[in-house]
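Structure, as structure tokens:
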Protein chains: 2
Amino acid sequence: MISVPIEISGLKIFLAVAKKGSISKAAEELHYVQSNVTIRIKQLEETLGTSLFYRKSRGVCLTNSGYLLCDYAEKIIAMVREAEKVVSNPETTAGQLVIGSMETTAATRLPPLLAEYHRSYPQVDLNLVTGTSEESLKRLLDYQIEGAFVAGVVSHKELIAEKVYEEELVLVAPINNDPFAKRAGLKVLVFRAGCAYRAHLENWLRISGRVPYKIIEFGSIEGILGCVAAGMGISFLPRSVVDSSRVQENISIHNLPTGIANMTTWFVRRKNEKQGHNLKLFRELIVREDTGKEDLAIIQ
Amino acid sequence: MISVPIEISGLKIFLAVAKKGSISKAAEELHYVQSNVTIRIKQLEETLGTSLFYRKSRGVCLTNSGYLLCDYAEKIIAMVREAEKVVSNPETTAGQLVIGSMETTAATRLPPLLAEYHRSYPQVDLNLVTGTSEESLKRLLDYQIEGAFVAGVVSHKELIAEKVYEEELVLVAPINNDPFAKRAGLKVLVFRAGCAYRAHLENWLRISGRVPYKIIEFGSIEGILGCVAAGMGISFLPRSVVDSSRVQENISIHNLPTGIANMTTWFVRRKNEKQGHNLKLFRELIVREDTGKEDLAIIQ
DNA sequence: CTAGAGATATCATTTCAAATAAAATTTATA
DNA sequence: TATAAATTTTATTTGAAATGATATCTCTAG
């Protein structure tokens, strides 16, 4: 007889025989024919290279190997049952939740939100992937993340976006420097390509005739603010970001014209498909934080 | 599609797909055809009532349910592997060892032996079942115990016996009482029927003309010695038992004629069949304790 | 815009392991 | 010695899993 891989069904048969102390009785309980149970037990013994039962004239009883296997089989089957229960229950709040976000939102809006979520649902591994709005949308469509905070209009038939934050953009510049002067060689510090703020900014610079300017790309808020404070150039950031920054003393803040100043942050997720339970709870948390405001405006 | 029970093979296929992020790649790795893997995954999803993968244009990726199942599947498969390893290894020192013994041996000879065994092999659950020699032999033949300490000649084609202890039997009586007086109505305290000592004793009483006598049966050493001390009657016990007893002051000890006085304790186990590893180690411990004596005499 | 590559899904067919059925064997017991 | 209660063995049937071929989908390159 050749060695057959161990299967759950084989372990169940084994446990039934061990419990009943009889192959026939076990077969009856399992609604199998007795010879089938005999064979399955022999297969197990063959696979393990050891006998699991002593054959007595009336029934069987466990060898020490069988006794050992009993413990394992029970644990294994219990774990399979638990897996079935947990995985098949759509209300299970566990596993992971990966959220995408712009740097700016991650820096100011998300910390309390993520902390609250983690406090409420500690079984869920929270994962934040920062990147430009464009990158986040791509990740969303590729199932790498389940939801994302983005700026700019989202219009994709598989996605749904909700307004969550209204940010006021301000111009930040070094102290003692007229940031609105239409100097040539103006240096502008921005996030890497794809950031909605950057597009916004570039648009304004162009229509207000402040070209040519020099772009310096950064990957983090801290980098931009630090370099502005050091006099390297100017930037555009949400007021909330600048307000909570540690380098406020070394920068000057300037209002922008209405129309340019306002930017909306959206929370985007996949449409139709039944959304994951972890994501559902996350969205509920966002809505709850917004209590007092009108219901979230929903796009698409 | 109907719901199919979860099997190890299904979990292995699932893990391969999760690892590769692709049904085709997983099929290749497992030397299956792609359509087969597709079906097995769908069966799992059907059984669990939830989808495990998002189908992307290139490959698949885990849903949160799939992520949850991953953890379980890995644990389950690891446990199966461990079970295979432990159970199939004949050197595994774990599980249980059930030993049978007479009360007298259990009281005097076994405590240090069992303690030493437990110290050396703490993974093994030691189990001592006391009973008459007759009962122990029956249990041995019924696979309820793996070895037994018995007195009296063992002659059974499936068993093998080794001399382990030479006990000197003594007569114990209340103080101030001539135990050898051939009084009628002599009360004799003995173990329950089947005890080899009792047979020995009854034989001597008969041939030395001390009948009729009255038998009182006990199940424990403590009971017998206590009642002898209280003046209820006499008994026969190994000197080692009496020496280590706590009631020595209230009893008198008397030598018996040679020929009657000596009794051998044997360690009996099943013959031929490859003996269990736990038992093998136990027997080695007995032999080691006997170092200095000649090799154990082996009967049959 | 179309062709092709690279993936999953579907469906008909084959295959082989598991289940059944029935007879042989073993062992205790009446 | 016959009977009963098990297990084992052997031959046969069955059905779930594996295969093979095809359809379908979607991104990419020309």
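Please read all numbers here as calculations on a predicted model, not as lab measurements. Within every chain, numbering begins at 1; the chains are lettered A, B, ... in the order of the sequence lines, protein sequences first and strands thereafter.
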Q | Interatomic spacing from CD1 in I99(A) to CZ in R283(A) - rounded to 0.5 Å | A | 12.0 Å

Q) To the nearest angstrom, how far is Y143(B) atom OH from dA6(D) atom P? A) 18 Å

Q.
Using 30° and 60° as the class boundaries, would you call the ring planes of Y165(B) and F149(B) parallel, tilted or perpendicular?
A. parallel

Q: Report the distance from atom CG of D142(B) to atom P of dA28(C), rounded to the nearest whole Å.
A: 10 Å

Q. Within this structure, what is the CD-to-C1' distance between E158(A) and dT26(D), rounded to whole angstrom?
A. 12 Å

**Q.** Residue-phosphate contact under 4.0 Å: K25(A) side-chain N/O, dA6(D) OP1/OP2
**A.** yes

Q. Do the side-chain N and O atoms of R40(B) and S9(B) include a donor-acceptor pair separated by under 3.5 angstrom?
A. yes

Q: Return the value, rounded to whole Å, for the distance between atom CD1 of I41(A) and atom C1' of dA18(C).
A: 14 Å

Q.
At under 4.0 Å between heavy atoms, how does the protein contact nucleotides 17-22 of chain D? Give one character per nucleotide, 5' to 3', with B, S or -.
A. SBBBB-

Q: Calculate the interatomic distance between E46(A) atom CD and dT9(D) atom P; express it in whole Å.
A: 12 Å

Q: Could you tell me whether E28(A) atom CD has more than 12 heavy atoms of other residues or ligands within 6.0 Å of it?
A: no

Q) Judged by modelled atom types alone, do R270(B) and Q275(B) share a side-chain donor-acceptor pair under 3.5 Å? A) no

Distances for protein N/O vs nucleotides 2-5 of chain D N/O pairs under 3.5 angstrom?
{"residue": "dA5(D)", "atom": "O4'", "partner": "R58(A)", "partner atom": "NH2", "Å": "3.3"}

Q. Taking atom P of dA28(C) as reference, at what distance in whole Å does atom NZ of K138(B) sit?
A. 11 Å

**Q.** Result of checking V37(A), L62(A), I6(A) against F14(A) for side chain to side chain contact (heavy atoms under 4.5 Å, CB included)
**A.** L62(A)

(Q) If only side-chain N and O atoms count, and only distance matters, is there a donor-acceptor pair under 3.5 Å linking E91(A) with N89(A)? (A) no

Q.
When you compare the side chains of H277(B) and T93(B), does any donor N or O come within less than 3.5 Å of an acceptor on the partner?
A. yes

Q) Can you tell me how far C1' of dC16(C) sits from CD1 of I2(A), to the nearest Å? A) 10 Å

Q | Lys/Arg cation over aromatic Y143(B): R55(A), 6.0 Å, 45° cone | A | no

**Q.** Sugar-phosphate, base or nothing in reach of K42(B), heavy atoms under 4.0 Å
**A.** sugar-phosphate

Q. Roughly how many Å is it from CZ in R55(A) to C1' in dT25(C), rounded to a whole number?
A. 15 Å

